[in-house]
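Here is the naming used below: chain letters follow the sequence lines, and residue numbers restart at 1 for every chain.
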Protein chains: 2
Amino acid sequence: MNKTPRSPGHHSHATLASVAKRAGVSIATVSRVVNGAPVKIAATTVLAVRKAVADLDYRPQSAGRALRKGTTQIIAVLAANLGNPTMAAIASSIEHALRGNGYVMLLCDTHEQADIQDEYLREMEALRVRAVIMVVAVPSPKLDEFRQAGIPLVFVNRRDPVRSSFPYVGIDNAAAGRDVADYCLSQGWQDIAVIHASLVYSAGRERLQGFLDRLQQSGKGLHPVRQFGSSGLDHLRIGEQAMQQVLAQPVRPDVVVCLSDLLAYGAYKQASGTGLAIPHDMTLISFDDGPLNQWIAQWLSAVRIPYELIGDAVISVLTSMLDSPNEASLRLKEPVDKIIPHQLIIRG
Amino acid sequence: MNKTPRSPGHHSHATLASVAKRAGVSIATVSRVVNGAPVKIAATTVLAVRKAVADLDYRPQSAGRALRKGTTQIIAVLAANLGNPTMAAIASSIEHALRGNGYVMLLCDTHEQADIQDEYLREMEALRVRAVIMVVAVPSPKLDEFRQAGIPLVFVNRRDPVRSSFPYVGIDNAAAGRDVADYCLSQGWQDIAVIHASLVYSAGRERLQGFLDRLQQSGKGLHPVRQFGSSGLDHLRIGEQAMQQVLAQPVRPDVVVCLSDLLAYGAYKQASGTGLAIPHDMTLISFDDGPLNQWIAQWLSAVRIPYELIGDAVISVLTSMLDSPNEASLRLKEPVDKIIPHQLIIRG
DNA sequence: TAGCATAATGCAAACGTTTACATAAACCAT
DNA sequence: ATGGTTTATGTAAACGTTTGCATTATGCTA
């Protein structure tokens, strides 16, 4: 007796074998019942298996399944910065949508650093996740290799920085920039400043481009748009410093357009620390409009990304990718972007 | 020929077998080298294996490992609400600490609902995660069962709601409450109101208790502390409604103590929407002090939870649990709570 | 030289699933 | 009755890993 070395598993969870034994059938049958396999199974058998499953509180072990099927129900979300409320809200939205579709979200924070992003991508490959959702990605070697790896990728908020061969979900940033320009023009503001972080990525670049284009199109004789900012990771501090430069100018602009919420937060702190009343003395406009703005940043007008819609949008893109039988079509097909509507919220 | 059905795995990742073949050794040897097994291996062999691993870009597949060892490197974080910046910051901190220790974070949003929490707990069991970190938990049946399941649990910010048999990481909420009371007394405020959400959980309850106790101890003849609030999930809205009630009172309190940041945000919106200037007309004090406060909520004094310390604190608790050879000691031993220091930040 | 400890590596089983294939039972048409 | 088809279920292999045990090669002692 006592032939149980039982090395690894501490507590014996129910397994297919134990359920099969209890139901008096083979493990194959249990598997088929549990998975609703497309074969006919006697009603009595189904009932017996169901009962055994319930009795033993059986749940398929993900490891065995993953090993056999070569994939899991895990979908990874690589976010650049969880400290950013907009990104957290997007993550939450995605989580909700994924859960509703039987997936589990694996959320990571890349801190917008290529090496961390790569490390995570490798890890995701080893975990055999079903797909990866990049919420604000940076270019990295592994990202490029992923094209070949056959794991679907979706880019949220910022487009694929290497080549646009994977779908993008987010707002039309150029159009959003134009909307802000239109609003500025409608207000008759003459002197406009822009605060930006890095402009090498699609979101910021397109926002600025759209904004400037429309101003120029207008033909109105505006003062030249002054731009402040630097590339870096901490938008809050960039915004703060940029606003410092803005206020050091001989003449104060009517409006400062910040390319993200966090830039605006940083700018706000600096401006109000200097005694300025926002928006009385100077208007601030930003992009993103995270969920907290309406509560504690009523001084900030912003282009709203409807983060609560992102989850479903990602799911719809993803399912179309996962359904395509061969991933050849996935590569050949034009990436099917999903543009979600934005809205300029005027406050203050 | 063509004997490759190759049903599941699409792209052939490197495996132990392929590495072994290339290095001219057995898979056992490769495994040992890769894992740094405590056996002597010829230097030349190690080199050959290392080379093959590098050549093929081999990474151990998590599924095989999980199946064999009965556990993974995944640690789940079940957060109540990712939309809460403090919680997001905590998650980010934990992520950082876990990654530094070779774990991967699986982050979920329970929306503070027992059924979702349970569903996730079951899923984590099936995934054979190494441990689960509950950032603000609610009582649920499965949570109770976990005590037997042998999976380590750590409670952050809110204590184990069922029985306190698992460690807690967070601030000393009662002491924080007393600190706020001391500050109010030092300011000579006579008329104090409290805004709270549900009081059935440890964090809010202890904060309020400590606060009221200290006020009473002081012996000063204060007006009775008025309490407003309701139980519910959306602290923002609860705070808003509670402030509405506060302002409907015949006499306006000197200070309103909110048991969380979000409650204060809600209260702030309502108050400033009614024309009040915060903190000139009324002081607001809250608990949590999420990372954004210093930027855009300079009107809010708050007890700061040093969220950036939580990650390391959790790790230290966790490793002591994981190191204990048998989980008997884990259950018998008094839970080793980790109290991190708080600090009352005065602003405005 | 034999005998034996030690060092390095290989063999094979096990972890829990899914699924192609085999089998057995039942039915039906000749 | 016979052969063929359908229906329900079982058998066994495979996924990639870790690890107890067996095996071989090496060095040392007597």
Side-chain angles (χ1 to χ4, degrees), chain A residues 3-49 52-53 56 58-73 125-128, chain B residues 2-21 23-49 52-53 56 58-73 125-128:
Chain A
K3 54 166 299 199
T4 58
R6 183 164 278 299
S7 32
H10 317 290
H11 288 263
S12 46
H13 300 259
T15 90
L16 271 190
S18 63
V19 173
K21 191 166 157 201
R22 185 169 233 268
V25 297
S26 76
I27 61 168
T29 302
V30 178
S31 174
R32 287 191 265 254
V33 169
V34 168
N35 296 338
V39 297
K40 296 227 61 167
I41 304 192
T44 62
T45 309
V46 172
L47 245 54
V49 170
V53 165
L56 296 174
Y58 169 75
R59 261 211 154 197
Q61 300 265 339
S62 159
R65 190 174 273 190
L67 190 54
R68 171 65 217 234
K69 312 238 299 185
T71 187
T72 61
Q73 288 300 98
E125 220 171 2
L127 275 174
R128 315 217 72 151
Chain B
N2 193 13
K3 56 165 298 198
T4 59
R6 182 163 278 298
S7 33
H10 318 289
H11 289 263
S12 47
H13 299 259
T15 85
L16 272 189
S18 64
V19 174
K21 190 166 157 197
V25 297
S26 75
I27 61 168
T29 302
V30 178
S31 173
R32 287 192 264 255
V33 170
V34 168
N35 295 338
V39 296
K40 295 227 61 166
I41 304 192
T44 62
T45 310
V46 172
L47 246 54
V49 171
V53 165
L56 296 175
Y58 169 74
R59 261 211 155 198
Q61 300 265 340
S62 160
R65 191 172 271 191
L67 191 53
R68 172 65 218 229
K69 312 237 299 182
T71 187
T72 61
Q73 288 300 99
E125 221 172 1
L127 275 173
R128 312 218 73 152

Rounded to the nearest 0.5 angstrom, the CD-NE2 distance for B:Q61 and B:H13 is 6.0 Å
Could you pull out the closest heavy-atom pair between B:A14 and B:L56, with the gap in Å? CB-O, 3.6 Å
Once rounded to the nearest 0.5 Å, what's the spacing between atom CZ of B:R65 and atom OG1 of B:T72? 11.0 Å
Rounded to the nearest 0.5 Å, what separation is found between the CG atom of B:L127 and the CD atom of A:Q73? 10.0 Å
Overall bend of the helix from C:dT1-D:dA30 to C:dT30-D:dA1 (five pairs an end, 10° steps) is 60°
Are side-chain heavy atoms of B:V19 and B:T15 found at a separation under 4.5 Å? no
With rounding to the nearest 0.5 angstrom, report the OG1 to CG distance, B:T29 to B:L16. 10.5 Å
Under a 3.5 Å distance rule, please check whether B:S62 uses its side chain to pair with a backbone N or O of A:A126 as donor and acceptor. no
Given atom CG of A:L127 and atom P of D:dT17, what is their separation to the nearest angstrom? 13 Å
Minimal non-hydrogen separation, B:I27 against B:A17, with atom names: CG2-CA, 3.6 Å
Need one value for A:T15: base, sugar-phosphate or nothing, where a base atom within 4.0 Å counts as base even if backbone is also close, heavy atoms only. sugar-phosphate
Provide a list of protein-nucleic acid N or O atom pairs under 3.5 angstrom, restricted to nucleotides 24-27 of chain C.
none

Separation of C:dG16 atom P from B:K69 atom NZ, nearest Å, is 16 Å
Rounded to whole Å, CD of A:Q61 lies from P of C:dA14 at a distance of 18 Å
Pairs under 3.5 Å (N/O, protein and nucleotides 7-11 of chain D):
from   : atom 1 : to    : atom 2 : distance (Å)
D:dT9  : OP1    : A:T45 : OG1    : 2.3
D:dT9  : OP2    : A:A42 : N      : 2.8
D:dG10 : OP2    : A:S26 : N      : 2.7
D:dG10 : OP2    : A:S26 : OG     : 2.9
D:dG10 : OP2    : A:T29 : OG1    : 2.7
D:dG10 : N7     : A:R32 : NH2    : 2.7
D:dG10 : O6     : A:R32 : NH1    : 3.3
D:dG10 : O6     : A:R32 : NH2    : 3.2

Quiz item: B:R68 side-chain donor-acceptor pair to D:dT18 base, under 3.5 Å: yes
What is the distance, rounded to the nearest whole Å, between atom CD of B:Q73 and atom P of D:dG16? 20 Å
Here the pair of heavy atoms bringing A:A20 nearest to A:S26 is CB-C, 3.7 Å
Measure CZ/A:R128 against P/D:dC15 and give the value in whole Å, please. 11 Å
Over all atoms of both residues, closest heavy-atom pair of A:A23 and A:A52: CB-CB, 3.9 Å
How about B:T45 and B:R32: do any of their side-chain heavy atoms sit closer than 4.5 Å? no
Between B:L16 (CG) and C:dA14 (P), how many Å, whole number? 19 Å
Nearest whole angstrom, please: distance from the P of C:dT17 to the CG of B:L67. 9 Å
